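Sequential numbering from 1 along the given sequence is applied to the chain's residues. Fair warning: this is a prediction, and the values are worked out from it, not measured in the lab.
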Amino acid sequence: MSFTKGMDVAIVGMAFRFPGADHKDTFWRNLAECRSSVVEVPPSRWEWRPIWGDPKLEPGKTHSKWAGFIDDVDAFDHEFFGLLPKVVQSMDPQQRIMLELAWASLEDAGIQPSSLQGRDVGVFVGVTHHDYKELLAAARARIEPYHYTGTATVVVPNRISHMFGLRGPSLPVDTACSSTLNAIHLAIQSMENGECRMALAGGVSLILNPARHVSVSKMGTLSPTGSCKTLDERADGYVRGEGAGMFVLKPLDAALADGDPIHGIIRGSAVNHCGKTHTLSYPNAEAQADVIVAAHLRAGVPIDSVNFVELHGTGTAKGDPIEFAGLQQAF
């Protein structure tokens with residue numbers, strides 16, 4: 001296995017919204033203080049008591065009443081973005097939040113959004129859930145002219161490109177848990193291929209109804225204790241959580257030449273699929289090892305220089321040992 005060294009990419013701007021943290025500094029402080037932002041599902045999302053029960057024995061029940069939630073997902077300054085209320089009412093909150101984070105990440109980078117109009121700037125957004133569309137359908141809401149553009153996944157990045165007049169690629173990415181990582185990977189490839197000189201890349205995930213809570217409980221992958229115990233013999237599943245984030249990415253050479261702030265450098269990335277396994281959601285240690293090796297070869301980073309690894313870490317009896325075996329094999 002051999003790869004040509006990829007482009008070094010600088011993160012010159014960033015903006016996040018996570019449970020218990022509306023700003024990147026708060027997020028890092030929560031991590032440093034080992035603070036959990038998992039809570040009981042608030043009534044503003046759904047009433048958890050009527051669907052609380054044994055998912056293996058009762059239809060429509062879940063044994064989890066916990067998740068991590070972003071504050072004020074129903075809030076949006078439509079006047080700031082020049083949008084009419086009737087347009088915003090049909091907009092998935094994921095569109096609204098990513099518009100806000102696109103602006104905030106450019107602000108963090110010291111880039112005036114109006115200066116990008118007409119330039120080949122790409123937008124790549126990981127988005128996998130469609131809860132708002134399901135809520136509208138369940139409420140039998142009247143179909144308005146803006147319903148399609150308000151709920152279509154493709155419009156999450158396209159809304160940003162349209163708002164700021166960006167002419168690079170504008171793509172949604174849905175690969176479930178890895179959507180945001182793959183969005184960043186595609187953004188880097190696009191810059192390497194000369195399709196854009198700069199990119200906004202990130203992802204968003206909101207939990208607005210209990211359907212997937214029930215589904216993953218029945219799959220046996222959702223923790224009944226409300227905590228994810230990765231690489232622990234007590235592991236009993238993961239806990240769902242909301243999140244949204246946006247990076248402003250530029251080739252490192254360009255970022256240095258422009259005097260941009262640099263939060264971090266991405267030296268290489270790789271992607272693959274587990275292929276045929278025991279079930280659709282079952283991981284593959286060999287495939288995971290392959291993609292780790294490929295990323296390091298592409299980055300030109302010696303494996304023995306790595307001193308920190310972040311895991312997927314589902315906290316399941318099946319997933320964690322296989323992921324750990326993949327890391328061992330790769331190293």
Enquirer: Is there a side-chain contact between Ser105 and Met14 in this structure, where contact means two heavy atoms from C-beta onward sitting under 4.5 Å apart?
Expert: no

Enquirer: Quick one: list whatever passes salt bridge (charged side-chain N to carboxylate O under 4.0 Å, His left out) with Asp232, sequence neighbours left out.
Expert: Arg234

Enquirer: Could you tell me if the side chain of Asn182 sits less than 4.5 Å from the side chain of Val271, heavy atoms only?
Expert: yes

Enquirer: Verify side chain to side chain contact (heavy atoms under 4.5 Å, CB included) between Val214 and Lys61, making sure each step is shown before the conclusion.
Expert: CA-CA 6 Å; Val214 173; Lys61 299 293 185 179; over 6 Å; no

Enquirer: Same cluster or not: are Leu166 and Met198 linked, directly or through other Ile, Leu, Val, Met, Phe, Trp or Tyr residues, by side-chain heavy atoms under 4.5 angstrom apart?
Expert: yes

Enquirer: What closest approach, in Å, do Ser161 and Ser170 show between heavy atoms, and which atom pair accounts for it?
Expert: OG-OG, 2.8 Å

Enquirer: Where do Thr62 and Ser64 land on the side chain to side chain donor-acceptor pair (under 3.5 Å) test, with the steps shown first?
Expert: CA-CA 5 Å; Thr62 173; Ser64 176; 5.1 Å; no

Enquirer: Minimum heavy-atom separation for Asn209 to Glu134, with atom names?
Expert: ND2-OE1, 2.8 Å

Enquirer: Apart from Val155 itself, what residues make up its hydrophobic cluster, given side-chain heavy atom links below 4.5 Å?
Expert: Val154

Enquirer: Please list, chain by chain and in numerical order, all residues satisfying side chain to side chain donor-acceptor pair (under 3.5 Å) with Lys133, sequence neighbours excluded.
Expert: none

Enquirer: Does a side-chain heavy-atom distance below 4.5 Å link Arg267 with Leu252?
Expert: no

Enquirer: Can you list the residues that meet the salt bridge (charged side-chain N to carboxylate O under 4.0 Å, His left out) rule with Glu40, with sequence neighbours excluded?
Expert: Lys65

Enquirer: Hey, are the side chains of His263 and Lys24 touching, using non-hydrogen atoms and a 4.5 Å cut-off?
Expert: yes

Enquirer: Hey, what else clusters with Leu57 if you join Ile, Leu, Val, Met, Phe, Trp, Tyr whenever side-chain heavy atoms sit under 4.5 Å?
Expert: none

Enquirer: Less than 4.0 Å between a side-chain N and a carboxylate O, is that true for Lys250 and Asp260?
Expert: yes

Enquirer: Ignoring hydrogens and angles, tell me if any N or O in the side chain of Ser178 forms a donor-acceptor pair with the backbone of Leu181 under 3.5 Å.
Expert: no

Enquirer: Could you name each residue pair satisfying ring-ring contact (aromatic ring centres under 6.0 Å, His included) that touches residues 216-252, not counting sequence neighbours?
Expert: none

Enquirer: With a 4.5 Å heavy-atom cut-off, do Val301 and Ile303 have their side chains touching?
Expert: no

Enquirer: Please determine whether a side-chain nitrogen of the Lys or Arg among Glu100 and Arg17 lies less than 4.0 Å from a carboxylate oxygen of the Asp or Glu.
Expert: yes

Enquirer: Answer yes or no: are there more than 12 heavy-atom neighbours, outside Glu286 itself, under 6.0 Å from its atom CD?
Expert: no

Enquirer: Begin with the C-alpha distance, continue with both residues' side-chain angles, and end with the deciding distance and a verdict on salt bridge (Lys or Arg N to Asp or Glu O under 4.0 Å) for Asp236 and Lys229.
Expert: CA-CA 7 Å; Asp236 57 6; Lys229 308 168 189 69; 3.4 Å; yes

Enquirer: Does Val156 belong to the same Ile/Leu/Val/Met/Phe/Trp/Tyr cluster as Leu135, with side-chain heavy atoms less than 4.5 Å apart forming each link?
Expert: yes

Enquirer: Show the nearest heavy-atom pair for residues Ala295 and Ala270, with the distance to one decimal.
Expert: N-CB, 3.6 Å

Enquirer: Just verifying a value: how many Å separate Leu231 CG and Glu323 CD, rounded to the nearest 0.5 Å?
Expert: 7.5 Å

Enquirer: Same hydrophobic cluster for Leu101 and Trp28, using side-chain heavy-atom links shorter than 4.5 Å among ILVMFWY?
Expert: no

Enquirer: Should Glu192 and Arg298 be marked as a salt bridge (Lys or Arg N to Asp or Glu O under 4.0 Å) after you check the CA-CA gap, both sets of side-chain angles, and the distance that decides it?
Expert: CA-CA 13 Å; Glu192 287 180 334; Arg298 187 161 174 77; 2.6 Å; yes

Enquirer: Roughly how far, to the nearest 0.5 Å, is the CG atom of Leu280 from the SG atom of Cys274?
Expert: 10.0 Å

Enquirer: Of all residues at least two apart in sequence or in a different chain, which pass the salt bridge (charged side-chain N to carboxylate O under 4.0 Å, His left out) check with Glu47?
Expert: none

Enquirer: I want to check something: taking the side chain as every heavy atom from C-beta on, are Ile322 and Asn284 in contact at a cut-off of under 4.5 Å?
Expert: no

Enquirer: Are Met191 and Ile111 grouped together when hydrophobic residues (ILVMFWY) are joined by side-chain heavy atoms under 4.5 angstrom apart?
Expert: no

Enquirer: Considering only distance and modelled atom types, tabulate donor-acceptor pairs under 3.5 Å from the side chains of residues 117-130, sequence neighbours left out.
Expert:
residue, atom, partner, partner atom, Å
Thr128, OG1, Asp174, OD1, 2.7
His129, ND1, Ser205, OG, 3.1
His130, NE2, Thr153, OG1, 3.0

Enquirer: Looking only at non-hydrogen atoms, find the nearest pair between Gly203 and Thr180 and report the distance.
Expert: CA-OG1, 3.2 Å

Enquirer: Does atom CD (Glu33) have a neighbourhood of more than 12 heavy atoms from anything else shown, all under 6.0 Å?
Expert: yes

Enquirer: Which pairs pass ring-ring contact (aromatic ring centres under 6.0 Å, His included) with one or both residues in residues 140-180, sequence neighbours excluded?
Expert: none

Enquirer: Working note: Met246 + Leu106, criterion side chain to side chain contact (heavy atoms under 4.5 Å, CB included); need CA distance, chi angles, decisive distance, verdict.
Expert: CA-CA 9 Å; Met246 186 70 89; Leu106 290 170; over 6 Å; no

Enquirer: Could you measure the distance from the CG atom of Asp131 to the CD atom of Gln94? Nearest 0.5 Å is fine.
Expert: 7.0 Å

Enquirer: Do you reckon Val73 sits in the same ILVMFWY cluster as Leu99, going by side-chain contacts under 4.5 Å, direct or chained?
Expert: yes

Enquirer: More than 12 heavy atoms of other residues, nucleotides or ligands under 6.0 Å from CZ of Arg197: is that the case?
Expert: no

Enquirer: Within a 6.0 Å radius of atom CD on Glu233, are there more than 12 heavy atoms belonging to other residues, nucleotides or ligands?
Expert: no

Enquirer: Got a sec, which pairs hit ring-ring contact (aromatic ring centres under 6.0 Å, His included) with one end in residues 272-316, sequence neighbours left out?
Expert: His278-Tyr282

Enquirer: To the nearest 0.5 Å, how far apart are CZ in Phe16 and CZ in Phe27?
Expert: 6.5 Å

Enquirer: Taking C-beta and beyond as the side chain, do Ile184 and Leu249 meet within less than 4.5 Å on heavy atoms?
Expert: yes

Enquirer: Looking at Arg45 and Glu242, does any basic side-chain N land under 4.0 Å from a carboxylate oxygen?
Expert: yes

Enquirer: Just wondering, do Pro145 and Lys86 contact through their side chains at under 4.5 Å, heavy atoms?
Expert: no

Enquirer: For residues Thr151 and Asp92, is any side-chain donor paired with an opposing acceptor at under 3.5 Å?
Expert: no

Enquirer: Could you tell me whether the side chain of Glu195 and the main chain of Pro169 form a donor-acceptor pair under 3.5 Å?
Expert: no

Enquirer: In Å, rounded to the nearest 0.5 Å, how long is the span from CG of Leu222 to OG1 of Thr316?
Expert: 11.5 Å

Enquirer: Looking at every heavy atom in both Asn30 and Pro19, which two are closest together, and how far apart are they?
Expert: ND2-O, 4.4 Å

Enquirer: Can you see which heavy atom on Ile265 is nearest to which on Ile262, and at what distance?
Expert: CG1-CG2, 4.1 Å

Enquirer: Do other residues, nucleotides or ligands put more than 12 heavy atoms under 6.0 Å from Lys318 NZ?
Expert: no

Enquirer: Applying salt bridge (charged side-chain N to carboxylate O under 4.0 Å, His left out), can you list everything that pairs with Glu144, at least two apart in sequence or on another chain?
Expert: Arg142

Enquirer: Any ring-ring contact (aromatic ring centres under 6.0 Å, His included) pairs touching residues 41-100, not counting sequence neighbours?
Expert: Trp46-His213, Trp48-Trp52, Phe76-Phe81, Phe80-Trp103

